[in-house]
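Here, residue 1 is the first one in the sequence, and each next residue gets the next number. Just follow the structure's listing: the first ligand is 1, and inside any ligand the first atom is 1.
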Amino acid sequence: MTDNLPRRLAGKTAIVTGSTSGIGLGIAERLAKAGANVMLNGFGDAGAIKEIEIRLAADHGVKVSYHGADMSKPADIAALAAVTKANFGGVDIIVNNAGIQHVSPIEDFPVEKWDAILAINLSSAFHLTRETFADMKARKWGRIINVASAHALVASPFKSAYVAAKHGVVGLTKTIALEGAEHGVTCNAICPGYVLTPLVEKQIPDTARARGISEEAVVRDVLLAAQATKQFVTTAQLGALAAFLCTDDAAQITGTALPMDGGWTAH
Ligand code: NAD
């Protein structure tokens, strides 16, 4: 989609939360390739994060920085927005991607896991939007992309907090879209099916335990059971979709929940 016009986002600044790994990193890389300056965020080894920062800047000729905000903490999120504005002169694009998962039957679901998943997977998108929306409206241009999930559209057992948070993200997306509609600010949710990232790799043993089956059976019969293509979605494919949503060609796409799920939600 953006391959033929790789620098369409030159001069824009994007914050991508949870971009030290997985989908967020794939999206950050693709936005950088399209010419956007990028503020990285997420946890991880400081040296490894520095390497990502240097590599993205060198490979794509853009400014790349990193802020370690804990996306469960509103004060950290405010600092992330403020530092990005100060360092880059504004925020044009936010990708609310940071997320965690916990798999457990509801009767045993730890209350602190429920609270953390709601905070990181849902409330953080509200807080970062709240911190950047007025400036986007004032500049008459903005792109807000919420990385939701196929679990924003359908449920699976043992993922009560995650499914609730991701359904909430779609509601938030629609509301933000309506508030931004006459100000050049779009807001969309991307709903990936399974992508083989650390988040998914970590839940394979938990799902095996919860269902009493082997890890191989989890991949075949649980993760890819509903994914009609029987293939994982890739972070590069999600990066391409996010970059397209940031172009002016996508200006009339707003308030949507766009599946990229190998046909999962077509069932
Ligand atoms: P991942 O574990 O590879 O990456 C998660 C990122 O979020 C990491 O950078 C991590 O450091 C960061 N993070 C976690 N907690 C944080 C916090 N409190 N503050 C700041 N950063 C934090 O996971 P992923 O699979 O790339 O998931 C990214 C997003 O995509 C999540 O919102 C997830 O729900 C969603 N998603 C993933 C899949 C999948 O199959 N992998 C499918 C649908 C949706």
Next item on the list: Assess Gly44 for proximity to ligand 1: is some non-hydrogen atom of it under 4.0 Å away?
Entry: no
Notebook entry, point to check: Are any of the side-chain heavy atoms of Asn96 and Thr129 separated by less than 4.5 Å?
Noted result: yes
Margin query: Suppose I only count heavy atoms of Gly22 and a 4.0 Å limit; which atoms of ligand 1 are within that range?
Written below: 3 (O), 26 (O)
Note to self: Show the atoms of ligand 1 that are less than 4.0 angstrom away from any heavy atom in Ser21.
What the structure shows: 1 (P), 3 (O), 4 (O), 8 (C), 9 (O)
Check: Taking only residues two or more places apart in sequence or in another chain, which ones pass salt bridge (Lys or Arg N to Asp or Glu O under 4.0 Å) with Asp76?
Finding: none
Note to self: Quick one, Thr256 with Asn188, criterion side chain to side chain donor-acceptor pair (under 3.5 Å). Give me CA distance, side-chain angles, the key distance, then yes/no.
What the structure shows: CA-CA 5 Å; Thr256 67; Asn188 292 286; 2.6 Å; yes
Next item on the list: Starting from atom 19 (N) of ligand 1, find the nearest protein heavy-atom neighbour and note its residue, name and distance.
Entry: Met71 N, 2.8 Å
Check: Strictly under 4.0 Å, does any heavy atom of Ala69 approach an atom of ligand 1?
Finding: yes
Item checked: Heavy-atom nearest neighbour in the protein, as seen from atom 39 (C) of ligand 1, with distance rounded to 0.1 Å -> Val200 CG2, 3.3 Å
Checklist line | Aromatic contact, His102 with Tyr162 (centres under 6.0 Å) | finding: no
Notebook entry, point to check: So is Gly68 in contact with ligand 1, going by heavy-atom distances below 4.0 Å?
Noted result: no
Next item on the list: Taking the side chain as every heavy atom from C-beta outward, state whether Met71 and Leu80 have any pair of such atoms under 4.5 Å apart.
Entry: yes
Notebook entry, point to check: Should you measure from each heavy atom of Pro198, which atoms of ligand 1 turn up under 4.0 Å away?
Noted result: 3 (O)
Note to self: Regarding atom 32 (O) of ligand 1: of the candidates Ile100, Asn97, Asp261, Val147, which has the closest heavy atom?
What the structure shows: Asn97
Next item on the list: Only heavy atoms count here, so choose which of Ala150, Cys191, Gly99, Gly193 is nearest to atom 5 (C) of ligand 1.
Entry: Gly99
Notebook entry, point to check: Does some side-chain heavy atom of Val64 sit less than 4.5 Å from a side-chain heavy atom of Asn37?
Noted result: no
Next item on the list: Please indicate whether any nitrogen or oxygen in Thr197 is less than 3.5 Å from any nitrogen or oxygen in ligand 1.
Entry: yes
Check: Of all the non-hydrogen atoms in the protein, which one sits nearest to atom 18 (N) of ligand 1, and at what distance?
Finding: Asp70 OD1, 2.9 Å
Item checked: ligand 1 atoms in contact with Asn41 (distance to a heavy atom under 4.0 Å) -> 20 (C), 21 (N)
Note to self: Can you tell me which portion of Lys166 lies within the under-4.0 Å heavy-atom range of ligand 1? Options are side chain, backbone, both, or neither.
What the structure shows: side chain
Notebook entry, point to check: For residues Asp249 and Thr247, is any side-chain donor paired with an opposing acceptor at under 3.5 Å?
Noted result: no
Note to self: Does any N or O of ligand 1 fall below 3.5 Å from an N or O anywhere on Lys202, backbone included?
What the structure shows: no
Next item on the list: Using distance alone, with no hydrogens and no angle criterion, decide if Thr173 and Asn146 have a side-chain donor and acceptor under 3.5 Å apart.
Entry: yes
Item checked: Neighbour count above 12 (heavy atom, 6.0 Å) for Ile106 CD1 -> no
Item checked: Closest protein heavy atom to atom 13 (N) of ligand 1, given as residue, atom name and distance to 0.1 Å -> Ala98 CB, 4.2 Å
Notebook entry, point to check: Any non-hydrogen atom of Thr17 lying under 4.0 Å from ligand 1?
Noted result: no
Check: Applying a strict 4.0 Å limit to heavy atoms, is His151 in contact with ligand 1?
Finding: no
Next item on the list: Considering the heavy atoms of Tyr194, write down every atom of ligand 1 situated less than 4.0 Å from one of them.
Entry: 40 (O)
Notebook entry, point to check: Among all protein non-hydrogen atoms, which one is nearest to atom 21 (N) of ligand 1, and what is the separation to 0.1 Å?
Noted result: Gly42 CA, 3.6 Å
Notebook entry, point to check: Is it the side chain, the backbone, both or neither of Ala148 that has a heavy atom closer than 4.0 Å to ligand 1?
Noted result: backbone
Notebook entry, point to check: Any salt bridge between Asp92 and Arg143, counting N to O under 4.0 Å?
Noted result: no
Check: Can His151 and Ser156 be counted as having a side-chain donor-acceptor contact under 3.5 angstrom?
Finding: yes
Notebook entry, point to check: Among protein heavy atoms, which sits nearest to atom 34 (O) of ligand 1, and what does the distance come to when rounded to 0.1 Å?
Noted result: Tyr162 OH, 2.5 Å
Note to self: Is there a side-chain contact between Thr17 and Leu128 in this structure, where contact means two heavy atoms from C-beta onward sitting under 4.5 Å apart?
What the structure shows: yes
Notebook entry, point to check: Should the pair Lys113-Asp108 be classified as a salt bridge under the 4.0 Å nitrogen-to-oxygen rule?
Noted result: no
Check: So, are Asp221 and Arg211 salt-bridged, with charged N and O less than 4.0 Å apart?
Finding: no
Margin query: Quick test: of every protein heavy atom, which one is nearest to atom 12 (C) of ligand 1, and how far off is it to 0.1 Å?
Written below: Gly18 CA, 3.6 Å
Check: To which protein heavy atom is atom 43 (C) of ligand 1 closest, and what is the distance rounded to 0.1 Å?
Finding: Pro192 O, 3.3 Å
Check: With respect to atom 37 (C) of ligand 1, which of Ile120, Asn121, Ile23, Val195 exhibits the smallest heavy-atom separation?
Finding: Ile23
Checklist line | Residues Glu29, Arg55: salt bridge by 4.0 Å N-O rule | finding: yes
